[in-house]
Amino acid sequence: MSLTFYWYPKCGTCRNAKKWLDAHHLSYKEIHIVETPPSRAELQDIYEKSNLELKKFFNTSGQKYRELGIKDKIPTASEDELLDLLASDGMLIKRPLVTDGEKVTVGFKEDEYEKMWL
């Protein structure tokens, strides 16, 4: 199983997730989420496979999220509008974002990683 690991190297949570993946000898392709964010189509695919609400994909503690007032837009925006927003800037996406093409995790919680990736 090979994972795709979207991360931001300056993010402590991402670094912790990377250490966890390395400690468990999982192979992954790392992608800098800001320099090479997932495309709109990739995001839609990841979202559909995740069984999560779309709002869970937003980096709610990020500066961009606050600057753009996204919290106020989420309740009334369509799924397409939210996917377009996410695809517009990698800093809006909650990280790390990990997928094996079928399963998805957003953020890093050790117990969730153990269930999903081991």
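All of these numbers come straight from a predicted model, not from anything done at the bench.
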Atom of [X], atom of [Y] and distance for their closest heavy-atom approach:
| X | Y | answer |
| --- | --- | --- |
| Thr76 | Asp72 | OG1-O, 4.4 Å |
| Met91 | Asp89 | N-OD1, 2.8 Å |
| Phe57 | Leu97 | CE2-CD1, 3.8 Å |

Side chain to side chain donor-acceptor pair (under 3.5 Å) with Arg40: which residues, sequence neighbours excluded?
->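 Only Gln44, Asp80, Asp84 meet the side chain to side chain donor-acceptor pair (under 3.5 Å) criterion with Arg40.
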Looking at residues at least two apart in the chain, or sitting in another chain, which of them share a side chain to side chain donor-acceptor pair (under 3.5 Å) with Glu35?
->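 Counting only residues at least two positions away or on another chain, Glu35 forms no side chain to side chain donor-acceptor pair (under 3.5 Å).
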For Lys55, look at atom NZ and say whether over 12 heavy atoms of other residues, nucleotides or ligands are found less than 6.0 Å away.
-> no
If you draw a 6.0 Å radius around CD in Gln63, do more than 12 non-hydrogen atoms from other residues or ligands fall strictly inside?
-> no
Is any side-chain heavy atom of [X] closer than 4.5 Å to a side-chain heavy atom of [Y]?
| X | Y | value |
| --- | --- | --- |
| Phe58 | Leu82 | yes |
| Pro37 | Ile31 | no |
| Val106 | Ile46 | no |
| Ile93 | Leu43 | yes |

For Ser39, check side chain to side chain contact (heavy atoms under 4.5 Å, CB included) against everything at least two apart and list the hits.
-> Ala41, Glu42
Give the intermediate values and the outcome of side-chain contact (heavy atoms from CB on, under 4.5 Å) for residues Asp100 and Leu3.
-> CA-CA 5 Å; Asp100 65 358; Leu3 304 173; 3.7 Å; yes
After noting the C-alpha distance and the side-chain angles of Asp45 and Thr99, does the key distance pass the side-chain contact (heavy atoms from CB on, under 4.5 Å) rule?
-> CA-CA 10 Å; Asp45 184 55; Thr99 183; over 6 Å; no
Pair up each side-chain donor or acceptor in residues 110-118 with any protein partner under 3.5 Å, not counting sequence neighbours, and list the distances.
residue : atom : partner : partner atom : Å
Trp117  : NE1  : Thr105  : OG1          : 3.2

Donor-acceptor contacts under 3.5 Å from residues 5-17 side chains, at least two apart:
residue : atom : partner : partner atom : Å
Arg15   : NH1  : Pro9    : O            : 3.0
Arg15   : NH1  : Lys10   : O            : 3.1
Asn16   : ND2  : Gly12   : O            : 3.4

Are the side chain of Lys71 and the backbone N or O of Thr60 linked by a donor-acceptor pair below 3.5 Å?
-> no
Name all pairs fulfilling the side chain to side chain donor-acceptor pair (under 3.5 Å) condition that reach into residues 19-28, sequence neighbours left out, sorted by first residue then second.
-> Lys18-Tyr28, Asp22-Tyr28
Quick one: pull up CD1 in Ile70 and CG in Leu85 and give me the separation to the nearest 0.5 Å.
->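 Nearest 0.5 Å value for the CD1-CG distance: 5.0 Å.
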With hydrophobic residues grouped by side-chain heavy-atom distances under 4.5 Å, do Leu83 and Ile74 end up in a single group?
-> yes
Is it true that Val98 and Tyr47 fall in one hydrophobic cluster, defined by side-chain heavy atoms closer than 4.5 Å?
->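 The answer is no; the residues belong to distinct hydrophobic clusters.
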